[in-house]
Amino acid sequence: MSRFVDTLTATAAGVGLRTGMTTGEPHEPVRRTWAEVHERARGAAGGLVSAGLRPGAAVGVLAAAPALIAPVAQAVWLAGGSVTMLHQPTQRTDLAEWAEDTIRVLRMIGSDLVLLGDPFEQLAPVLDEHGIQYRMIADLLDAEPLAEPVGAAEDDLALLQLTSGSTAEPKAVKITHRNLYSNMTAMMERSEFDPEFDTMVSWLPLFHDMGMVGLLTVPMTFGVELAKVTPADFLSGPLLWPELISKYRATMTAAPNFAYAITGKRMARVAEDDAYDLSSLRIALNGAEPVDEESVRTFVEAGQRFDLDPGAIFPAYGLAESTLAVSFAPIGSGLEMDVVETTALETRNIAVAVPEGDPRRGTEQVRSFAVLGRPLPGLEVVVVDENGAELGEREVGEIRLRGSAMTPGYLTTDGPVAALDSAGWFATGDTGYLVDGQIVICGRSKDVIIMGGRNIYPTDVERAVCAVDGVRAGNAVAVRLDAGTRRERFAVVLESKSAGDEEAERTIAREVSKRVVDAVEMRPYAVVVLEPGSLLKTPSGKVKRAATASHFAEEITRRGHV
């Protein structure tokens, strides 16, 4: 039995008798201990084995209810299989296209079985129509329990994490039992988690690595108390998040930039000073790249009225290829920004620090990046130039990683692809540098806009764009045009409720162009204004820059030379 599965079963018999998971908030909360979750998992595992599930088989899971996902994911592991959380259709999804994409993913991972649960049981006819085999999760939970877990080796697959990155082509990151156990134990150690003391609150989607690994598999494996709701619950009322933190005296939570911004703004409008109690929170993780200083500030300023400790903000760096986490900022340090000279960064790839009190701070002569902490135990990091030569501190290059949490490779529609070089290093594609051993991320290498011998980071452009009235916060993207040519350009594609009003669009475009010139001293080739919900994003909510440039190419050309 792998260390991961061994720990799952040991937890159920130990601390899992006392700790557990609450689901169904805010209307019908139900709490089950991890021991009870494990018993349901044993039943589902028995059903899978009886139905002929082979050791090592890949199983797709399509469900949104955490109360179903927790036991069924554990059941797959107990039965010796690997879990793939399938991407979920939304109200806007074309179900025929979704079914075709799902078939392509299942073929890619070599799976012929989907476990179907609430609220997606209604998709059964669609799966039938396309010949996709499935079992209802609710039926599996009542099966005869599996007596003993099916053996799994450390290098057997435990999780196939789907990612489409910045392109439309799916791929699955292979996460082994060794990878999973290594990264989870490193996170527990670095965050100083105590299952007898700590409590997590989460609304993150379980088809994303942070939600599935960090805020479900970790507490289930080590017996940490968890209150779990769905993204739909959060989006229908973001103040549910601080309500649950207060109710359950949560010590840890996590979210991307937009959630901190939205929740901070809404908390600021709450009249009663005793509406929430956030004093228990010691870790509010933000692993977005980049961590947005303004979003964090909005959350902290609003939260301090409810006794939030600013030191609880917990910047982190992670990616699916490292299972989840690469680095954590020091506990209690809050958000630390490294302020550097713009010119040295853009023209010489050097992050020259600008000290406190320097009059250039607060001007366009500086750039700020979040300091994301040292690599977790079991991981190494180097920064290299375009030739692979290792760089020194504050020299900007590509981040590379090596260690026991790193994936061995991918499954793609064209077959397996290795992820590591001959020395075991993984090229992240992220541009950044080190400060006293701590990681700082500037952006994605392929997204950097090169103009006039300068490296312009899309995030600098996007930050300026989002300051314009009428632009939806967090819904602007700077896209690189003519990449690799001598005359690169860039365009801005944004969302606004004013889309369709030609005069309003022209006003927004003019102001965007002005703000961008002020920020980076370069004018965008085009500004495209779209209706809300139009930007291309990954299932985890990150914008697809390259796909956006391609998809809106005609519109960018039509609106060129703003």
When you compare the side chains of [X] and [Y], does any donor N or O come within less than 3.5 Å of an acceptor on the partner?
X	Y	value
Tyr433	Asp338	yes
Ser279	Asp277	yes
Tyr317	Asp430	yes
Ser445	Thr431	yes
Arg361	Ser368	no

Would you check if [X] and [Y] make a side-chain contact, meaning some heavy-atom pair closer than 4.5 Å?
X	Y	result
Asn286	Pro315	no
Val448	Tyr457	yes
Thr253	Ser202	no
Met187	Leu324	yes
Trp425	Arg400	yes
Pro458	Val477	no
Phe314	Ile331	yes
Val383	Val396	no

Backbone of [Y] reached by a side-chain donor or acceptor of [X] within 3.5 Å:
X	Y	answer
Asn455	Ile450	no
Asp198	Met252	no
Arg454	Val520	yes
Ser295	Ala261	no
Ser333	Ala329	no
Thr428	Ile399	yes
Arg367	Thr342	no
Thr363	Arg360	yes
Arg305	Met267	yes
Lys171	Val417	no

- Test Phe490 against Val516 for side chain to side chain contact (heavy atoms under 4.5 Å, CB included), laying out the working first. CA-CA 11 Å; Phe490 70 96; Val516 171; 3.8 Å; yes

- Is there a side chain to side chain contact (heavy atoms under 4.5 Å, CB included) between Leu244 and Trp203 once you walk through the steps? CA-CA 10 Å; Leu244 295 179; Trp203 53 265; over 6 Å; no

- Verdict with supporting geometry, Phe234 and Leu240, side chain to side chain contact (heavy atoms under 4.5 Å, CB included): CA-CA 6 Å; Phe234 168 75; Leu240 174 64; 5.9 Å; no

- Task: Would you give the length of the straight line joining atom OG1 of Thr557 to atom CD of Glu555, rounded to the nearest 0.5 angstrom?
- Result: 9.5 Å

- Task: Hey, could you give me the CZ/CD distance between Arg463 and Glu293, rounded to the nearest 0.5 Å?
- Result: 8.0 Å

- Message: Quick one, Arg545 with Glu462, criterion salt bridge (charged side-chain N to carboxylate O under 4.0 Å, His left out). Give me CA distance, side-chain angles, the key distance, then yes/no.
- Response: CA-CA 12 Å; Arg545 291 194 174 91; Glu462 292 155 5; 2.9 Å; yes

- For residues 318-331, the side chain to side chain donor-acceptor pair (under 3.5 Å) pairs (sequence neighbours left out) are Glu321-Tyr410

- Residue pairs meeting salt bridge (Lys or Arg N to Asp or Glu O under 4.0 Å), one or both in residues 230-247, sequence neighbours left out, come to Glu25-Lys247

Does [atom1] in [X] sit with more than 12 non-hydrogen atoms of other residues, nucleotides or ligands closer than 6.0 Å?
X	atom1	value
Glu554	CD	no
Glu364	CD	yes
Gln304	CD	yes

- Item | side chain to side chain contact (heavy atoms under 4.5 Å, CB included) between Arg402 and Leu379, intermediate numbers included | CA-CA 6 Å; Arg402 182 168 66 182; Leu379 287 173; over 6 Å; no

- In chain order, what residues pass the ring pair (Phe, Tyr, Trp, His ring centres under 6.0 Å) check against Tyr260, with sequence neighbours excluded? Trp241, Phe299

- Between Glu505 and Arg510, is there a side-chain N and carboxylate O pair less than 4.0 Å apart? no

